Amino acid sequence: AETARNDFIRQIVREDLASGKHTAIRTRFPPEPNGYLHIGHAKAICLDFGIAEEFGGTCNLRFDDTNPAKEDPAFVRAIQEDVRWLGFQWAELRHASDYFEVFYLAAEKLIRQGDAFVCDLSPEEVRQYRGTLTEPGRNSPFRDRSVEENLDLFRRMRAGEFPDGARTLRARIDMASGNINMRDPALYRIKHMPHPIAGDGWCIYPMYDIAHALGDAIEGITHSLCTLEFEDHRPLYDWCVDKVDLAGNPELLEPLRRKGYPIVAAKPRQIEFSRLNINYAVMSKRKLTQLVAEGLVDGWDDPRMYTLQGLRRRGYTPSALRLFVDRIGVSKQNSVIDFSVLEGALREDLDTAAPRRMAVIEPLRLVLANLPEGHEETLVFANHPKDESFGSRQVPFSRELWIERDDFAEVPPKGWKRLVPGGEARLRGAGIVRVDEVVKDADGGIVELRGWLDPESRPGMEGANRKVKGTIHWVSAPHAVAAEIRLYDRLFSVPDPDDESGGKTYRDYINPDSRRTVRGYVEPAAASAAPEQSFQFERLGYFVADRHDHRPERPVFNRSVSLRDTWAA
Ligand code: ATP
Ligand code: MG
Ligand code: MG
């Protein structure tokens, strides 16, 4: 299953297969279960799972659950749901905590090799000893402890003899290294807190770098893809893999064999790519969490959120997101993608995938006065203008219609093509109407239009072909189903909501018009939709039946995206 995609990562994979360096590709997606996945993660998922799939390999889902303080089982469930929703399936579901016993044995091995030591410096002292970009660090006074003393202290750390922060296990590398990550980084810290999966057997926890590198090695990951901020960690990643050498020391994997895990153990290669950034959006779990916690949005799956749950509820489809990720490509160049690229991918996907329906969001009554009282008929409409496989549907038509208030103007602006007093427009698929009377209330507000439907202009008739300027959509009033329609727009009104100059924060840039709820009407064939079904409401945009609130007798639709980009400069 070769792929046509050809970015620098796929080139590496292709070469590694061609040269025989690897016979099979193994990747992993390693989220920390401390929040919901966002659109940035979709890029990582599409790369990790997509590349494995394209080259006939496998991808694991591994929860990076080395920090027991931040984890929540709700996140673990949601992340699995999101990955499946995007259309991917993991080969193995793993947790970094599955490997705690192996990490521990590896740490003892490092101590015995003289590659790690127990350090008693306080966090503040560690910072002082670390040095700066221009100044080398200084050796810890505990750096030359004997192997015996280190082993003893490390075992007592594990046994719970010392309080949080009293000691750390540190790699013994090079305090003068130009790369600060190599200046004797911490490998283990003390934290007296039970782990949601590993239980209360641990009070020392491995740091990200050792856990990540060894987790990859344990699973035989061939290509470990991550974002550019880990580039400076790669030497430490390689150091951990090489110094522990799991492949050459299979006894370290004994605890996993006992648990029945299939073990591969190979030397992984870390490859970095640039993060996804999108304008008009924030994309850090911390900020997304704050938006929810501070009530600035309605929850994790608020359709304006950049979480996958939010995008899903908004009406984004897995194929639109995959198309988007394909389109932005992969490189090592940091950049900001324009929001319109994301919206464009959704439009493109829904244009081919979404059936058409009619709905009116700001209703004005139009009575076709020349039709007999109580007149009703059924018209047949194609469900998709470009794809016959969508079939057709029956649309009720009658003497009284709802049309869009915006489609009538008493005093039309220049270039107006829709209804005016005495003027004509085509009612989509039903004939040509002329407005004869504008009915107003005591305050002069327009409450109803009365018109004349040209009987020679009905569908199929010769007179239907005569030229009129505009075509408008409608819904038959007695058949229409009242619907709640949520009109969403971008959550932020500025391209860079992360810009904190001038003492502002992203909170100050919330777009006040990002959510508006209106009462409209939809045709029966839209009301009966299943939750999460998408439609193009003709002339209005793409809408999705709300995943949670939609009921056929009480329809709720979310606007996913308008038909055209209204934000373009
Ligand atoms: P955040 O900074 O939002 O908290 P994170 O990087 O801490 O995100 P993780 O759960 O650790 O989140 O991420 C899992 C994987 O997703 C990592 O490999 C990470 O590099 C990748 N990832 C996270 N954000 C992005 C992004 N914006 N673009 C591409 N990949 C991303
Ligand atoms: Mg992370
Ligand atoms: Mg993070």
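All values reported here derive from a predicted model rather than from experimental measurement. When a ligand or atom number is given, it counts from 1 through the structure's own listing order.
Counting non-hydrogen atoms of neighbouring residues, nucleotides and ligands closer than 6.0 angstrom, the NZ atom of Lys504 reaches no more than 12 such neighbours.
Every N/O-N/O distance between Glu229 and ligand 1 stays at or above 3.5 Å. An N or O contact shorter than 3.5 Å is missing between Asn34 and ligand 1 by distance. The shortest N/O to N/O separation between Phe273 and ligand 1 does not fall below 3.5 Å.
No side-chain heavy atom of Arg269 sits under 4.5 Å from any side-chain heavy atom of Thr222. A heavy-atom distance below 4.5 Å is not found between the side chains of Asp7 and Phe273.
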Practice prompt. Check the pair Tyr488 / Arg516 against side chain to side chain donor-acceptor pair (under 3.5 Å), numbers first and verdict last.
Written response: CA-CA 7 Å; Tyr488 293 108; Arg516 193 159 66 88; over 6 Å; no

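In this comparison of Arg275, Lys285, Glu272, the heavy atom closest to atom 6 (O) of ligand 1 sits on Arg275. Within the set Pro31, Pro30, Gly40, the minimum heavy-atom distance to atom 26 (C) of ligand 1 is found for Gly40.
Of all atoms in ligand 1, numbered sequentially from 1 with element shown, those under 4.0 Å from a heavy atom of Met283 are 3 (O). The distance from ligand 1 to the heavy atoms of Thr227 drops below 4.0 Å at these ligand atoms: 19 (C), 20 (O), 29 (C), 30 (N), 31 (C).
At a heavy-atom cutoff of 4.0 Å, ligand 1 is contacted by the side chain of His38 but not by its backbone.
Under the 30°/60° scheme for interplanar angles, the aromatic rings of Trp300 and Tyr36 are found to be tilted.
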